[in-house]
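Heads up, the thing below is written out as structure tokens.
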Amino acid sequence: MEVIICENSKKAAKLTAKMIANAINEMPNLNLGLATGATMEPVYAELVQMNCSGKVDFAGVRTFNLDEYVGLGPNNKNSYRYYMDSNLFDKINILKSSTHLPDGLALDENKECERYDQLIKKLGGIDLQLLGIGNDGHIGFNEPMSSFASKTRVKVLTPETYKQNSIYFNPPESMPKRAYTMGVGTILNSKQIIMLITGKKKANIAAQAIEGPLTSMVTGSAIQLHQNVTVILDEDASSNLKMKDYYNFAFKNNPKWAKYQ
Ligand code: GLP
């Protein structure tokens, strides 16, 4: 795992976008795993800008989102399909047919989970997965006690996640209590992972995921099992990390990061 600490959240989002754009430039038909949440909005804004100024081309890229609320369709402003369309897909030159999320309106939930995992497999697996982290340590919607071997399935959300996300719903109680999510196992199958964590509120959970014990109580800690992970944080989110000096030293002294400094 490599940990990069940026001065502020703007720089962290910029670096994340740059790494994604570089991966696309190296592999124009990249299978890109995407995440939602407020943390990702500046990353998508940056990618939109880079696409408009000709620095990255999404024509050959396929995307797979981590999750979607059960019962919400593309026209619902709180669906993750709506979030992705409005923050990214409608503003870049990607083929809409190449953008994939679980279908929140699917009639058969089990079949939909199976379809999504099969689709990822059939299209060659995920090359680069972008991850955020929830206040309770979840990745995607893999709530505490999700198996590290789990595949795509429907999870009931924790009261903490409900509290964190229902502020976006009007009324808040209209937020679904269940969601489709790629499993922890699905996520670990991707070839590369970038996790972005920003803000003081996340300092404690960031330290647990990065340096804490490997535990399904904090599903974000599962990234410790992956061979190619970069975690990007801002100063605020990094404040509880014990090995901060080492991460900064490694970033400065590993020639592979020279182009990002
Ligand atoms: C949701 C998503 C997660 C995301 C989390 C963090 O719960 N399912 O994938 O990491 O939000 O959200 P925020 O960036 O708003 O803190």
Side-chain angles (χ1 to χ4, degrees), residues 9 33-41 65-73 76-84 87 101-106 109-110 112-113 116 129-188 193 195-224 231 233-234 236-241:
S9 59
L34 293 174
T36 51
T39 311
M40 299 304 157
E41 286 174 22
N65 263 80
L66 286 166
D67 43 20
E68 178 60 284
Y69 290 108
V70 170
L72 301 195
N76 187 306
K77 290 198 167 157
N78 288 113
S79 72
Y80 284 162
R81 164 54 80 179
Y82 190 96
Y83 169 106
M84 288 311 305
N87 282 293
L101 287 93
D103 176 4
L105 298 179
E109 293 175 7
N110 291 335
E112 178 54 12
C113 296
Y116 202 60
Q129 177 67 55
L130 177 62
L131 291 179
I133 194 163
N135 291 346
D136 66 359
H138 70 213
I139 46 176
F141 271 132
N142 290 289
E143 298 291 31
M145 299 314 293
S146 291
S147 159
F148 281 2
S150 51
K151 300 295 173 214
T152 300
R153 69 227 183 284
V154 170
K155 287 294 288 182
V156 174
L157 306 175
T158 59
E160 195 173 359
T161 299
Y162 196 72
K163 198 172 148 206
Q164 185 188 350
N165 290 4
S166 62
I167 52 165
Y168 300 111
F169 287 76
N170 186 16
E173 309 79 62
S174 64
M175 176 177 150
K177 297 191 176 63
R178 297 184 312 135
Y180 290 98
T181 180
M182 277 185 203
V184 180
T186 323
I187 294 168
L188 291 178
I193 292 175
M195 179 183 265
L196 173 64
I197 316 177
T198 56
K200 190 93 199 144
K201 263 191 345 205
K202 298 268 176 82
N204 192 27
I205 204 67
Q208 288 183 57
I210 297 166
E211 297 176 332
L214 191 63
T215 168
S216 58
M217 283 297 283
V218 178
T219 59
S221 69
I223 60 168
Q224 295 174 31
V231 186
L233 306 103
D234 64 356
D236 282 346
S238 75
S239 48
N240 288 3
L241 294 175

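Residue numbers count from 1 along this sequence.
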>> Working note: Glu68 + Ser79, criterion side chain to side chain contact (heavy atoms under 4.5 Å, CB included); need CA distance, chi angles, decisive distance, verdict.
In response: CA-CA 7 Å; Glu68 178 60 284; Ser79 72; 3.7 Å; yes
>> What I'd like to find out is whether the side chain of Ile197 reaches to under 4.5 Å of the side chain of Thr39, using heavy atoms alone.
In response: no
> Please walk me through it: do Lys200 and Ser239 pass side chain to side chain contact (heavy atoms under 4.5 Å, CB included)?
Replying inline: CA-CA 8 Å; Lys200 190 93 199 144; Ser239 48; 3.1 Å; yes
>> When you measure from the side chain of Asp236 to the backbone of Thr198, do you find a donor-acceptor pair of N or O atoms at a distance under 3.5 Å?
In response: no
> Does the pair Leu66 and Thr36 meet the rule for a side chain to side chain contact (heavy atoms under 4.5 Å, CB included), with working shown?
Replying inline: CA-CA 8 Å; Leu66 286 166; Thr36 51; over 6 Å; no
> For Thr219 and Ser146, which heavy atoms make the closest approach, and how far apart are they?
Replying inline: CG2-CB, 3.8 Å
> What residue pairs, at least two apart or across chains, pass salt bridge (Lys or Arg N to Asp or Glu O under 4.0 Å) with a residue in residues 212-222?
Replying inline: none
Can you give the donor-acceptor pairs under 3.5 Å from side chains of residues 171-179 to other protein atoms, not counting sequence neighbours?
{"from": "Ser174", "atom 1": "OG", "to": "Pro171", "atom 2": "O", "distance (Å)": "2.6"}
{"from": "Arg178", "atom 1": "NH1", "to": "Glu109", "atom 2": "OE1", "distance (Å)": "3.1"}
{"from": "Arg178", "atom 1": "NH2", "to": "Glu109", "atom 2": "OE2", "distance (Å)": "2.7"}

> In Å and rounded to the nearest 0.5 Å, what is the CG to OG1 distance from Leu157 to Thr181?
Replying inline: 9.5 Å
>> Suppose we screen for side-chain contact (heavy atoms from CB on, under 4.5 Å). Which residues come up paired with Asn240, at least two apart in sequence or across chains?
In response: Ala203, Asn204, Ala207
>> Within this structure, what is the CD1-CG distance for the pair Ile193 and Leu188, rounded to the nearest 0.5 Å?
In response: 5.5 Å
> Does the side chain of Tyr180 reach to within under 4.5 Å of the side chain of Asp67, using non-hydrogen atoms?
Replying inline: no
> What's the shortest heavy-atom distance between Ala206 and Leu233, and which atoms?
Replying inline: CB-CD2, 3.9 Å
> Nearest 0.5 Å, what's the NZ-CG distance between Lys202 and Asp234?
Replying inline: 10.0 Å
>> Is any side-chain heavy atom of Phe148 closer than 4.5 Å to one of Leu214?
In response: yes
>> If you compare all heavy atoms of Tyr80 against all heavy atoms of Leu101, which two are closest, and at what distance to 0.1 Å?
In response: C-CD2, 3.6 Å
>> Can you list everything that forms a ring-ring contact (aromatic ring centres under 6.0 Å, His included) with Phe169? Sequence neighbours excluded, please.
In response: Tyr69
Under 3.5 Å, side-chain donor or acceptor atoms of residues 135-142 against the rest of the protein: list the pairs with distances, not counting sequence neighbours.
{"from": "Asp136", "atom 1": "OD1", "to": "His138", "atom 2": "N", "distance (Å)": "3.1"}
{"from": "Asp136", "atom 1": "OD1", "to": "His138", "atom 2": "ND1", "distance (Å)": "3.2"}
{"from": "Asp136", "atom 1": "OD2", "to": "Thr158", "atom 2": "OG1", "distance (Å)": "2.9"}
{"from": "Asp136", "atom 1": "OD2", "to": "Thr161", "atom 2": "OG1", "distance (Å)": "3.2"}
{"from": "His138", "atom 1": "ND1", "to": "Glu143", "atom 2": "OE1", "distance (Å)": "2.9"}
{"from": "His138", "atom 1": "ND1", "to": "Thr161", "atom 2": "OG1", "distance (Å)": "3.3"}
{"from": "Asn142", "atom 1": "OD1", "to": "Arg153", "atom 2": "NH1", "distance (Å)": "2.9"}
{"from": "Asn142", "atom 1": "OD1", "to": "Arg153", "atom 2": "NH2", "distance (Å)": "2.9"}
{"from": "Asn142", "atom 1": "ND2", "to": "Ile139", "atom 2": "O", "distance (Å)": "2.9"}
{"from": "Asn142", "atom 1": "ND2", "to": "Met182", "atom 2": "O", "distance (Å)": "2.9"}

> Between atom NZ of Lys77 and atom OH of Tyr168, what is the distance when rounded to the nearest 0.5 Å?
Replying inline: 16.0 Å
> Taking only residues two or more places apart in sequence or in another chain, which ones pass side-chain contact (heavy atoms from CB on, under 4.5 Å) with Glu211?
Replying inline: Leu241, Lys242, Met243, Tyr247
> Are the side chain of Glu112 and the backbone N or O of Asp103 linked by a donor-acceptor pair below 3.5 Å?
Replying inline: yes
